Structure formats: C-alpha cells, structure tokens
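Each remark here refers to the structure printed beneath this line.
Everything numeric here is computed off the predicted structure, so don't read it as measured data. Counting starts at 1 for both ligands and their atoms, following the listed order.
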Amino acid sequence: MKYADPCVEHAKKAIRQEIRQRRNLITSEQSRKSGKAALKHLLAHPTYFNAKHIACFLSFDGEISTQAIIEQLIIDKTRCYLPKLKPMKPNRLWFLPYTHETKLIPNKLKIPEVDLAVNHAIRISQLDIILMPLVAFDIKGNRLGMGGGYYDATLAHLVGAKEKPLCFGLAFEEQKVDSIPSQPWDYPLDGIFTQKDFYSFEKNTDSTTTAFVAHK
Ligand SMILES: Nc1nc2c(c(=O)[nH]1)N(C=O)[C@@H](CNc1ccc(C(=O)N[C@@H](CCC(=O)O)C(=O)O)cc1)CN2
Ligand SMILES: Nc1ncnc2c1ncn2[C@@H]1O[C@H](COP(=O)(O)OP(=O)(O)OP(=O)(O)O)[C@@H](O)[C@H]1O
C-alpha cells in the first residue's frame, strides 16, 4: 500500500458517499439510455475505428449501463475484455475475453466475473482502449473510484511506457464534481465519456492536464 494522506482520504470518502447516493437515484431505464448516448460518443471517437481490443466492465452499484457498449463491441467484432480480481494480489486486475457465451461468476465483491483461467488474460499493453468505471470525476481528469486502487495499481507499470492503451472513464454526467484531490498514484485518464459529452484530457510536457469538452 502507498502512503495515504488522512485528510485527502477523508475528503474522498465524503465524495464517494455523496455521489454513490446520487448515482443510485438514476433509474435503470435512464441508465440504459445514458449508456446508449455514451456509446454514440465512443463510436464518434477517432480511436474507436481501429481499436481491436477494448476492456469494458459490467455495471454494478448504479454505474452507467455498459450493456449497449458491450453489445456493440461484439457486433463490430472488436474483442471485449472484462476485469477479474487477480487471486493472491491484493489490488490487481486481469482482463479476460468476454462474448455472449462466456460463463460469469460473482467475485468476493459480488461483481460478476469471467469464469476463465488467468492464462486467457490479455497483456495490458495489447489493449487499445480501457473503459474504466468511476464514482466521480472532475474536468481536469481526476478520477475517484470505489477505493480499492485496482485500476491505479494494475496500470501503474504503464506510466512512461510507449505502448499503452488509451484510458477513458465511463460515467454519468451526474458524477461530475468541482474538484477531486489528486494523489501521486492516480493513473492519468485520456478522457471521459458521459451521456452528454466527451471530455478529453491532453497531457502537457510538464505533466499538467489541459481539458477540452468535445460536444456542447
Ligand atoms: N463494475 C465495476 N467493476 C469493477 C470495479 C468497479 O469500480 N466497477 N472495480 C474498480 O476498481 C474493481 C472492483 N472494485 C471494487 C472496490 C470496492 C467495492 C465495494 O463494494 N466496496 C464496498 C465494501 C466492500 C466490502 O464488502 O468489503 C463499499 O465500499 O461499500 C466494489 C468494487 C474491479 N471491477
Ligand atoms: N500502484 C499502486 N500500488 C499499490 N497500491 C496502490 C497503487 N495505487 C494505489 N494503491 C493503493 O490503493 C488505495 C486506494 O486508492 P484510490 O483511493 O485512489 O482508489 P480508487 O481509484 O478510488 O479505486 P479503484 O481504482 O479500485 O476504482 C490507496 O490507498 C493506495 O494505497
């Protein structure tokens, strides 16, 4: 575990609680509609067309529905991968291939996971795009997750690497907050898709971030 500032942890916990409550008020019908709207932004993104391997996730705890995106990936013959908790490694993920025929079983956090052995996992650097779940985001590209550090720890080795997937958050517009404290281990996002917009975060040479909103 990396050192965590107790004040920052306290602030993050409060944001998590508030936004998870807000997210749980969204109906499943609204969630499916929003998932379809986010899919339209993804399809319009220039990197989607050439992407062959995309990691997504199965929505839980009121997350935006990923159903339409996963179905589209299968229709487009883009290989779709889902995260699976790495056994024995506290906060690491594998990404395993998913089709309509894939058997799923719930993990210890009650999220369904692909029932395949780890030798089926794709190497992370071979993924073109990772669509990441999140609890809250800000327009500078800071992401707040469920608090397990799974995505940050899994992607940490890619910092500074040449060949790495584009990492896009996938969330409801309602999950946008004014500001999220950033921490040294936070893995930088390239953008965020919501039902309303695509937020693009470009890295400057001094590793600060410039945010653009693609659709108004
Ligand atoms: N859909 C989806 N899949 C995902 C993630 C995610 O955020 N969304 N993850 C993203 O990293 C990983 C799982 N991370 C998670 C971390 C905490 C909890 C959770 O429910 N925590 C409870 C307490 C857990 C417990 O029983 O001890 C809580 O906070 O209420 C769930 C998932 C991998 N798969
Ligand atoms: N690269 C890493 N190696 C080991 N531990 C890490 C790493 N990155 C983060 N962590 C640990 O994970 C814990 C949770 O981090 P954080 O609160 O940023 O998670 P999160 O992004 O909200 O969760 P998730 O990515 O699972 O959705 C941190 O306290 C930190 O100690």
Based purely on interatomic distance, does [X] place a nitrogen or oxygen under 3.5 Å from a nitrogen or oxygen of ligand 2?
| X | answer |
| --- | --- |
| E9 | no |
| G149 | yes |
| G147 | yes |

Looking at [atom], is any protein heavy atom nearer than 4.0 Å to it?
| atom | result |
| --- | --- |
| atom 3 (N) of ligand 1 | yes |
| atom 22 (C) of ligand 1 | no |
| atom 19 (C) of ligand 1 | yes |

Winner among K89, Q183, K12 once heavy atoms are compared against atom 16 (P) of ligand 2: K12
Examine the proximity of ligand 1 to [X] and report which part, side chain or backbone, both or neither, has a heavy atom under 4.0 Å away.
| X | result |
| --- | --- |
| E63 | side chain |
| D61 | neither |
| R20 | side chain |

N or O contact, L58 vs ligand 1, cut-off under 3.5 Å: yes
Side chain, backbone, both or neither: M132 near ligand 2, heavy atoms under 4.0 Å: neither
Those atoms of ligand 2 less than 4.0 Å from some heavy atom in A153: 1 (N), 2 (C), 3 (N), 7 (C), 8 (N)
Contact atoms of ligand 2, heavy-atom distance to R143 under 4.0 Å: 21 (O), 24 (P), 25 (O), 27 (O)
Pair S59-T66, side-chain donor/acceptor within less than 3.5 Å: yes
Atom indices of ligand 1 within 4.0 angstrom of Y151 heavy atoms, with elements: 9 (N), 10 (C), 11 (O)
Main-chain N/O of G141 paired with D138 side-chain donor or acceptor, under 3.5 Å: yes
F95 and Y151 aromatic ring geometry - parallel, tilted or perpendicular at 30°/60° bounds: tilted
Worked verdict on E29 versus R32 for salt bridge (charged side-chain N to carboxylate O under 4.0 Å, His left out): CA-CA 5 Å; E29 198 193 329; R32 275 195 297 276; 5.9 Å; no
Heavy-atom side-chain contact between T194 and F137 under 4.5 Å: yes
